[in-house]
Structure formats: structure tokens, C-alpha cells
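The shown structure was predicted, so the numbers you read here are calculated from the model rather than taken from an experiment. Residues take their numbers from the sequence shown, with the count starting at 1.
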Amino acid sequence: MADAPRTVLISGCSSGIGLELAVQLAHDPRQRYHVVATMRDLGKKGTLEAAAGEALGQTLTVAQLDVCSDESVAQCLSCIQGGEVDVLVNNAGVGLVGPLEGLSLAAMQNVFDTNFFGAVRLVKAVLPGMKRRRQGHIVVVSSVMGLQGVVFNEAYAASKFAVEGFFESLAVQLLQFNIFISLVEPGPVITEFEGKLLEQVSTAEFPGTDPDTLSYFQDLYLPASRELFHNVGQSPQDVAKVIVKVIGSARPPLRRQTNTRYTPLTALKAMDPSGSLYVRTSHCLLFRWPRLLKLGLRCLACSCFRTPVWPR
Ligand SMILES: NC(=O)C1=CN([C@@H]2O[C@H](COP(=O)(O)OP(=O)(O)OC[C@H]3O[C@@H](n4cnc5c(N)ncnc54)[C@H](OP(=O)(O)O)[C@@H]3O)[C@@H](O)[C@H]2O)C=CC1
Ligand SMILES: CC1=C(/C=C/C(C)=C/C=C/C(C)=C/C=O)C(C)(C)CCC1
């Protein structure tokens, strides 16, 4: 007899990776999952519902969930049968980019409230049930910026470092309860994420930022970042495929990068524990050797430079 479907709760399904993941899991050929696809604004559910097709109301239901609200989380879980979540996917997230001097603390706190405390809030809500049942899987959509900082992304990278430290620590205790944690680490992904950042940047004035810093951000970083997204950006479908595999795994990995084209950059940190190789190379590429950076970014797009991500 087939096992009962596992209930998978996903945050941030109005667009991007969350939406794709919800649809792929709901269309699992072996019908192993019942997906609760959540979003903070149900006014945006049209795209998801259209993509879900006949799975809607069968293997996929849509529910309201704002990861920044205790009430919203409690209300959402009360609508799930027995409140039992077998797999939690912490996907909801926001970015923030720009010179530090021009960004408000409130904007940085919003990044932490969503990316870090939002994930913690959901875990605290589902963990007692998982522990009681002695089973569960918590997947967190982290980032390559959870592994290494990127210039002009300080607050966003810090929020993902916080996520990495929190969930790595928790993973040890939870193995005792047969509960697994997986940190999925995409590089650039072509979703609304980048558009939202560019929109934020186009209207921001970055008050209090000196002209040199502003010029480094606008004339060096932004074009390099655009080129990187263009050359190595992954589709949300490809990232979702990796997450589906992680969820289906009998022994889920703690960490999983998704983009083989980006791994030469994360390898710069892994190769030198002192950190200097990554920081100095990034600095030289961005500030000293713009032609080499352009060439390097083109090389990353070429399959012969790909390094494998581990584990496969
Ligand atoms: N795109 C990229 O380059 C990368 C993205 N990531 C991570 O992937 C995850 C998904 O991002 P992606 O799909 O790319 O971007 P999208 O902007 O397409 O999706 C982000 C989702 O998070 C939701 N969200 C934001 N705040 C909240 C909140 N308070 N409560 C509930 N949902 C919320 C958004 O909802 P709403 O529509 O209401 O704003 C949206 O559904 C994020 O954690 C991001 O940090 C990691 C690496 C690279
Ligand atoms: C590492 C690096 C760069 C930029 C990396 C970027 C922009 C990464 C974006 C990752 C994202 C969007 C993750 C989301 O979570 C530069 C500036 C090209 C200089 C060379 C080194």
C-alpha cells in the first residue's frame, strides 16, 4: 500500500522559487505530497493557481501566511489537518542592496525580520509536532550569500549567514528526533527578486553616501551584477528541481548549492580558510581589473569552467 502523502508547507509562493516548487511537488508523478502553498497577499494567487492547473484543490491548496506575523502563522497552521507539517520549506525572502551609509536600519531590520526571524517563527510553530511524531524535514532556501559576503549586500548576506548558523546548530539536536535540515544555496536566480532590487535602487537616493562610494556602486557593482545574472542566472524551475530532489532524498544533505556555474566563486572561500583569497580576488576583479572581470563572468557561462556541486 502506498504511504499517505506528506504535507509540505512552503512560504512565499506568490512568485519565483516558491511558486515553482509548489507546482512541481503538486505534480509529483507518485503523488507523494500534499502541498500547502502559502503567500502573504492572497490577491497574488492567480499565477500560482493557473500554474497548478488540475492539481489545485487536489494535491495543492493555497493559504495566507505572512512569516512576519505570529497570528498569521497560527491561523495558517490551524487550517492544516492536525496542524501536522511533514516538510517545511522556508522560502520567503527579501533582498537589500546599496551602500551601507544610505540604507536605513529599519530597512535592514525588515530583511532580518523576513529572512531570519520569519524562518525561525515557522520552525518554532511546526517543531513540537515533528518532535512528537519523531519525523520531519526542514528545508531553508538560503543563498550563496549565506556562505560568502558580497560587496554592497552586507545586510542581506548577514541575514543568510544568520540562517546558516541557526539551522546548522539546530540540525545536530534534531537528528536525535529523526528530523532533517537542508540549507539550499542558490546563486543568482532569474525571478522577481532582482527586479524588486533594481526598482528599490532606481528610486533610492542613498543619502549621506560619499560620491566615490556611490560611483563604485552605480558604475562598477551594478553593471557587474547585471552581467553575472545574465551569464550564470538559473531559472526558478531548475532551482525547484534541486529542492524536489532534496525533499525526496532518504538522507537529505545539510547543504546543497544549486548552480554549477557559480561554484568557482564559492570555491574561492572554501579553498582558503583565512578568507583572504576570496576577499582580495573580489576586490581586484571589481576595482582593479574590470576587463578580467568581464572575461571571467563570460567564462563562468561556459560549461568547461563548471565545477560540480556536492553532493549531487
Ligand atoms: N533570486 C535570487 O537571485 C536568489 C534568491 N534566493 C532566495 O530565494 C528565496 C525566494 O526568492 P525568489 O523566488 O528569488 O524571489 P521572489 O521575489 O520571486 O519571491 C519571494 C517570495 O517571498 C515572499 N515574501 C516576502 N516577504 C514575505 C513575508 N513577510 N511573508 C511571506 N512571504 C513573503 C514574496 O511575497 P510578495 O509577493 O508578497 O512580496 C514572494 O512570494 C528567498 O529566500 C531569496 O532570498 C537565494 C539565492 C538567490
Ligand atoms: C561574488 C562576486 C561578485 C558578485 C556576486 C553577486 C552579485 C552575487 C549574487 C548572488 C545572489 C543574487 C544571491 C541571492 O541570494 C562581483 C561583484 C561580480 C565581483 C566578483 C565576485
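Here Ile243 contributes atom CD1 and Ile247 contributes atom CD1; the two are 7.0 Å apart, rounded to the nearest 0.5 Å. Distance check: Leu174 CG to Phe167 CZ gives 9.5 Å after rounding to the nearest 0.5 Å.
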Show the numbers, then the answer: is there a side chain to side chain contact (heavy atoms under 4.5 Å, CB included) between Leu300 and Asn231?
-> CA-CA 7 Å; Leu300 288 180; Asn231 286 338; 5.7 Å; no
Checking side chain to side chain contact (heavy atoms under 4.5 Å, CB included) for the pair Leu265/Leu228: CA distance, chi angles, key distance, verdict?
-> CA-CA 11 Å; Leu265 287 170; Leu228 186 77; 4.3 Å; yes
Could you go step by step and tell me if Lys131 and Gln173 meet the side chain to side chain donor-acceptor pair (under 3.5 Å) rule?
-> CA-CA 11 Å; Lys131 281 188 165 179; Gln173 181 213 141; 2.5 Å; yes
Begin from the C-alpha positions of Leu293 and Trp289 and carry the test side chain to side chain contact (heavy atoms under 4.5 Å, CB included) through to its verdict.
-> CA-CA 6 Å; Leu293 175 60; Trp289 307 324; over 6 Å; no
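Judged as a side-chain hydrogen bond (donor to acceptor under 3.5 Å, both in side chains), the pairs with a partner in residues 110-119 (not counting sequence neighbours) are, in order, Asn115-Ser159. Annotation: ring-ring contact (aromatic ring centres under 6.0 Å, His included) contacts involving residues 13-72, sequence neighbours excluded, are absent. For residues 117-129, the side-chain hydrogen bond (donor to acceptor under 3.5 Å, both in side chains) pairs, not counting sequence neighbours, are Asp70-Arg121. Pairs of residues two or more places apart, or lying in two chains, that qualify as salt bridge (Lys or Arg N to Asp or Glu O under 4.0 Å) and include a residue from residues 19-28 are Asp28-Arg32. A ring-ring contact (aromatic ring centres under 6.0 Å, His included) check over residues 85-121, counting only residues at least two apart or in different chains, returns the pairs Phe116-Phe166. Listed by first then second residue, pairs satisfying side-chain hydrogen bond (donor to acceptor under 3.5 Å, both in side chains) with a partner in residues 273-286 read Asp272-Ser274, Ser274-Ser276, not counting sequence neighbours. Applying the side-chain hydrogen bond (donor to acceptor under 3.5 Å, both in side chains) test to every pair with at least one member in residues 51-68, sequence neighbours left out, gives these pairs: Gln64-Ser72. Residue pairs that meet the ring-ring contact (aromatic ring centres under 6.0 Å, His included) test with at least one member in residues 119-154, sequence neighbours left out, are Phe152-Phe217, Phe152-Tyr221.
Under the 4.5 Å side-chain heavy-atom criterion for Ile, Leu, Val, Met, Phe, Trp and Tyr, Phe161 and Tyr156 are members of distinct hydrophobic clusters. Criterion: ILVMFWY side-chain heavy atoms under 4.5 Å apart, direct or through other members. Under it, Val8 and Val85 are not part of a common hydrophobic cluster. The cluster map of Ile, Leu, Val, Met, Phe, Trp and Tyr, joined by side-chain heavy atoms under 4.5 Å apart, puts Met108 and Phe206 in the same cluster.
Under the 4.5 Å side-chain criterion, counting only non-hydrogen atoms from C-beta, Asp238 is not in contact with Val242. Val67 places none of its side-chain heavy atoms less than 4.5 Å from the side chain of Thr38.
Here Glu164 pairs with Arg255 in a salt bridge; the nearest charged N to carboxylate O distance falls below 4.0 Å.
No more than 12 heavy atoms of other residues, nucleotides or ligands lie within 6.0 Å of CD in Gln75, so this atom counts as exposed by the packing criterion. At most 12 heavy atoms of other shown residues, nucleotides or ligands fall within 6.0 angstrom of atom CD in Glu199.
With side-chain heavy atoms closer than 4.5 Å counting as contact, directly or through intermediates, Val172 stands alone and belongs to no larger hydrophobic cluster. Residue Ile190 shares its hydrophobic cluster (ILVMFWY side chains chained together at separations under 4.5 Å) with Phe229. Through chains of ILVMFWY side-chain contacts below 4.5 Å, Leu175 is grouped with Phe180.
A search for salt bridge (charged side-chain N to carboxylate O under 4.0 Å, His left out) contacts involving Lys45 returns Glu49, not counting sequence neighbours.
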